[in-house]
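Read through the structure below, which is laid out as structure tokens, and then see the notes.
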Amino acid sequence: MLMRPVKEILHTFTRFIILALIGMMMLAVLLSTVELLIILVIELLKPPKYLLGIDNLFEIFGFFMMILIGLELLESIRTYLTDELLHVEVVFLVAMIAIARKVIILEVKDLDPLVLIGIASIILALAVGYYFVKKAIRLNGSSK
């Protein structure tokens with residue numbers, strides 16, 4: 001009898017937190033996008049005009065990937081709010097984008113070979129995991 005009000009309070013609290021997270025994530029993505037635009041314009045207007053150096057490109061691509069991670073997290077939170085379950089597929093996508101961002105901004109020549117093997121292992125594990133999740137989703141979807 002007492003369990004029902006506690007469950008409703010918990011549900012309301014969870015939805016409030018999720019809505020707060022969505023609002024904060026939207027603000028963070030918006031501000032990051034504006035900052036990326038400002039960085040891009042400033043870098044393009046520096047001499048030599050309209051040319052970006054390789055270091056600037058790495059910084060901009062890293063920033064761009066960070067915004068994509070934010071968007072994927074926002075999508076994950078939105079999906080959780082509407083479906084009330086966390087989609088593993090989206091979690092894998094966020095992880096793959098995050099590791100891709102790390103690889104893009106990495107200075108490979110400064111790293112120990114064992115670190116590179118570790119990063120390659122993470123990429124392989126994420127790819128295999130994503131493949132099996134997609135395969136499971138396809139099998140469950142086709143049997144309905």
Side-chain angles (χ1 to χ4, degrees), residues 3-46 48 50-144:
M3 202 59 162
R4 186 169 183 111
V6 171
K7 207 173 187 181
E8 288 174 10
I9 290 170
L10 184 61
H11 180 73
T12 304
F13 176 77
T14 303
R15 290 187 75 78
F16 172 75
I17 295 298
I18 290 170
L19 288 172
L21 285 173
I22 287 174
M24 289 184 282
M25 186 60 75
M26 287 171 56
L27 182 62
V29 169
L30 176 66
L31 293 174
S32 298
T33 304
V34 169
E35 187 174 348
L36 176 61
L37 177 66
I38 291 168
I39 290 171
L40 191 58
V41 169
I42 288 171
E43 292 301 324
L44 283 173
L45 294 178
K46 281 182 183 176
Y50 311 117
L51 293 176
L52 295 171
I54 195 81
D55 292 336
N56 292 337
L57 284 174
F58 280 132
E59 179 186 357
I60 289 167
F61 287 162
F63 218 109
F64 186 80
M65 294 298 282
M66 189 172 59
I67 292 169
L68 284 177
I69 291 169
L71 287 173
E72 284 296 330
L73 286 172
L74 187 59
E75 178 63 21
S76 177
I77 295 169
R78 186 200 60 80
T79 303
Y80 182 77
L81 181 65
T82 56
D83 299 347
E84 293 193 3
L85 55 100
L86 190 61
H87 291 272
V88 178
E89 179 183 8
V90 177
V91 175
F92 270 100
L93 285 173
V94 169
M96 287 191 293
I97 292 171
I99 197 72
R101 177 188 178 274
K102 186 68 177 171
V103 168
I104 287 171
I105 64 173
L106 219 62
E107 289 291 331
V108 178
K109 62 181 179 263
D110 299 335
L111 289 177
D112 186 58
L114 200 54
V115 172
L116 293 174
I117 291 172
I119 292 171
S121 301
I122 291 170
I123 293 170
L124 182 63
L126 285 171
V128 169
Y130 185 74
Y131 170 79
F132 283 122
V133 165
K134 289 295 280 186
K135 188 173 182 176
I137 289 170
R138 214 175 312 115
L139 286 175
N140 288 335
S142 63
S143 64
K144 288 184 179 178

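Basis for what follows: all heavy atoms, side chains included, without hydrogens, waters or symmetry-related copies.
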Revision key, fill the gap. For L126 and F92 the tightest heavy-atom approach is O-CD2, 3.7 Å
Review point. Does some side-chain heavy atom of I18 sit less than 4.5 Å from a side-chain heavy atom of R15?
Key: no
**Study point:** Donor-acceptor contact below 3.5 Å, side chain R101 vs main chain G62
**Key:** yes
Review point. Can you check side chain to side chain contact (heavy atoms under 4.5 Å, CB included) on V103 and I123, steps first, answer last?
Key: CA-CA 10 Å; V103 168; I123 293 170; 3.9 Å; yes
**Study point:** L31 CG to I67 CD1 distance, which is reported to the nearest 0.5 Å
**Key:** 10.5 Å
**Study point:** Full working for side chain to side chain contact (heavy atoms under 4.5 Å, CB included) between L93 and Y130
**Key:** CA-CA 8 Å; L93 285 173; Y130 185 74; 3.8 Å; yes
Point to revise | Step-by-step side chain to side chain contact (heavy atoms under 4.5 Å, CB included) determination, F61 to I105 | key: CA-CA 8 Å; F61 287 162; I105 64 173; over 6 Å; no
Point to revise | Working for side chain to side chain contact (heavy atoms under 4.5 Å, CB included), residues L40 and L44 | key: CA-CA 6 Å; L40 191 58; L44 283 173; 4.2 Å; yes
**Study point:** Smallest separation among heavy atoms of A100 and M65, with atom names
**Key:** CB-CE, 3.7 Å
**Study point:** Matching residue for M26 among I22, L30, V29 - test: side-chain contact (heavy atoms from CB on, under 4.5 Å)
**Key:** I22
Exercise for review: Report, as yes or no, whether the 6.0 Å neighbourhood of atom CG on L10 holds more than 12 heavy atoms from other residues, nucleotides or ligands.
Suggested key: yes
Point to revise | S76 side chain to E72 backbone, donor-acceptor under 3.5 Å | key: no
Point to revise | Spatial distance of atom CD (E89) from atom OG1 (T79) [nearest 0.5 Å] | key: 9.5 Å
